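Throughout, a chain's letter reflects where its sequence line sits, starting with A, and its residues are numbered from 1. Computed over heavy atoms, backbone and side chain alike; hydrogens, waters and symmetry mates excluded. Remember, it's a predicted structure, so these values are computed and weren't measured experimentally.
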Amino acid sequence: MGRALLPKNGLRQETLDYLRVAQEFIDAARRTENVSDLELLIEQVAYDLGFDFYALIHHVDHRAAHRAASIRLENYPASWVEKFLEHKLYSWDPIHMASYATNLAFAWSDVPDMINLSKKHKDVLKMATREGLGDGITVPANLPGEANGSCSFAVRAGKNLPRQHLNAVHLIGSVAFNSAREIAMKTACAPSSGNSVHLSPRQLDCAILAGQGKSDWEIATILGIAEDTVSQHLDTARERYGVARRVQMVIRAVHDGKIALTDLL
Amino acid sequence: MVNIVNSSNKTFNSFAIESMFRDRKRVFIDLLKWNIGHSDGLEIDQFDDDDAEYLIVSDPENKSHMGSVRLLRTDRPHILGDLFPHLCDMPIPTGPSIREITRLCLSPRLRAAERLQIRNRLATALVEYALLTGITSYTGVAEMGWLNQIFALGWRCDPLGIPKPVGKSLIGALHIHVSPNSINLLRQAGTYATSGLTLGRSPLAA
């Protein structure tokens with residue numbers, strides 16, 4: 001109905017077009033049952049929005065074989081992907097780093113304003129450009145209790161970024177990531193909470209204080225319990241995660257959402 | 001357990017309600033710095049009237065507020081229709097079978113694991129409440145930083161427009177559809193959490 005009243009061109013019309021692209025993508029993604037269909041959809045939506053590349057990934061070491069539920073879909077230049085994995089550049093990827101600093105879509109060219117870049121970070125960006133990857137937009141996907149991830153869309157080196165569509169990209173990137181995540185979860189047959197470890201409230205208290213760097217004696221004094229009891233709680237929590245050191249246990253508890261990073265700061 | 005609180009049982013639940021308004025002040029004004037009014041440490045606005053309904057999770061021991069949402073009728077003044085209509089790039093979904101989810105608030109006292117649990121219980125309660133009362137969908141205005149979490153709950157959620165910057169944040173309008181399959185969708189996403197929601201229980205029988 002109201003459509004005839006809208007101007008044929010200008011921002012409003014463009015907004016409607018991008019909303020339509022987003023909606024069609026969402027509807028199609030919802031019907032998708034497997035990863036390869038989803039890949040085609042994402043590739044198509046990337047082109048529709050004026051991008052040349054996409055990458056939808058969980059930020060984990062993808063060379064590890066047991067990562068059944070982790071996602072890695074991309075069509076970046078092959079030579080770049082090879083270098084990236086081979087030299088473990090993900091540890092120095094400033095785009096990944098910036099994606100932990102926000103939950104909103106951002107342009108790669110704005111990253112120097114978001115985080116401090118070291119020489120190593122800048123080298124990664126330069127290398128990417130050399131391999132043909134230009135500017136891009138990344139939608140962070142940091143879900144509590146799960147590995148961090150992101151969905152990025154990028155243009156060829158030298159081409160201008162369709163930056164005006166940042167907010168539409170935020171929408172589409174979030175939907176894309178979630179669709180991929182749902183398919184990966186179904187494939188792995190394990191909902192994210194399925195293999196979770198249980199910690200008692202007291203074990204959690206001790207783990208948080210240990211994570212803040214408190215000694216057993218300090219934890220015992222703060223909680224008003226015996227030092228031996230503290231050690232016992234921490235040992236049990238450690239055993240439940242099947243890890244050898246306390247620091248590993250604390251990190252696991254942060255990773256699966258039992259402890260917020262802010263609890264430790 | 002999740003309780004439904006509305007004008008018919010408000011007085012009976014006055015402690016839960018006040019505890020909720022207090023947490024809303026802490027969360028939306030103190031933490032998130034929303035530019036909204038408050039008085040005596042309580043965040044109450046013009047939509048907290050007799051037509052508003054609340055789903056509230058209270059601490060079983062000390063009865064204090066752990067998490068809540070406010071539901072507004074969309075055939076009356078509501079946030080999307082009256083404050084942010086420009087977030088919809090299509091006609092705003094309104095009507096007697098559509099409610100607006102507003103003021104989703106998790107107590108700042110909760111730890112990370114509890115936050116997820118209470119969030120899941122509220123989402124489950126929202127689906128169950130809709131199925132029990134003939135609500136077919138919810139609308140809502142959300143900060144886009146939460147978008148991934150909202151999608152990841154598993155329910156069917158569509159954007160109503162391209163998100164737009166408001167002040168320092170990016171916000172967007174969403175439409176959540178509820179059908180009998182919604183419970184399955186929550187289960188598949190691992191976010192279903194028994195809500196204990198019941199309808200039609202009179203305060204005296206409780």
Against chain B, label V175(A) side chain, backbone, both or neither, depending on which of its atoms sit under 4.5 Å from a heavy atom there.
both
Would you sort out whether L170(B) and N167(A) count as a side chain to side chain contact (heavy atoms under 4.5 Å, CB included), showing the intermediate values?
CA-CA 8 Å; L170(B) 183 68; N167(A) 298 339; 3.4 Å; yes
So, for G145(B) and L104(A), which heavy atoms are closest and what is the spacing to 0.1 Å?
N-CD2, 3.4 Å
Check the surroundings of atom CG in D27(A): do more than 12 heavy atoms from other residues, nucleotides or ligands lie under 6.0 Å from it?
yes
Any heavy-atom pair between the side chains of W146(B) and N103(A) that's under 4.5 Å?
no
When you check the gap from the basic side-chain N to the acidic O, do D205(A) and R111(B) get nearer than 4.0 Å?
yes
For the CG atom on N62(B), are there more than 12 heavy atoms of other groups (residues, nucleotides or ligands in this structure) within a distance under 6.0 Å?
yes
With heavy-atom distances below 4.5 Å as the criterion, would you say the side chains of Q23(A) and D158(B) are in contact?
no
Take atom CD in E33(A); do more than 12 heavy atoms of anything else shown fall under 6.0 Å from it?
no
Which atom names give the shortest non-hydrogen contact between A260(A) and A112(B), and what distance separates them?
N-CB, 3.4 Å
Check: M144(B) main-chain N/O paired with H170(A) side-chain donor or acceptor under 3.5 Å:
yes
Could you tell me whether N160(A) atom CG has more than 12 heavy atoms of other residues or ligands within 6.0 Å of it?
no
To the nearest 0.5 angstrom, please state how far the CG atom of L171(A) sits from the CZ atom of F151(B).
5.5 Å
When the 4.5 angstrom heavy-atom criterion is applied to L166(A) and chain B, the contacting part is neither
Report yes or no: does N148(B) contribute a side-chain atom to a donor-acceptor pair with the main-chain N or O of N178(A) at less than 3.5 Å?
no
Only pairs of heavy atoms separated by less than 4.5 Å count here; which of P159(B), S169(B), G172(B), P165(B) has the most with chain A?
P159(B)
Would you check if R156(B) and R30(A) make a side-chain contact, meaning some heavy-atom pair closer than 4.5 Å?
yes
Taking the side chain as every heavy atom from C-beta outward, state whether L19(A) and M90(B) have any atom pair closer than 4.5 Å.
yes
Can you tell which part of L160(B) gets under 4.5 Å to a heavy atom of chain A, answering side chain, backbone, both or neither?
backbone
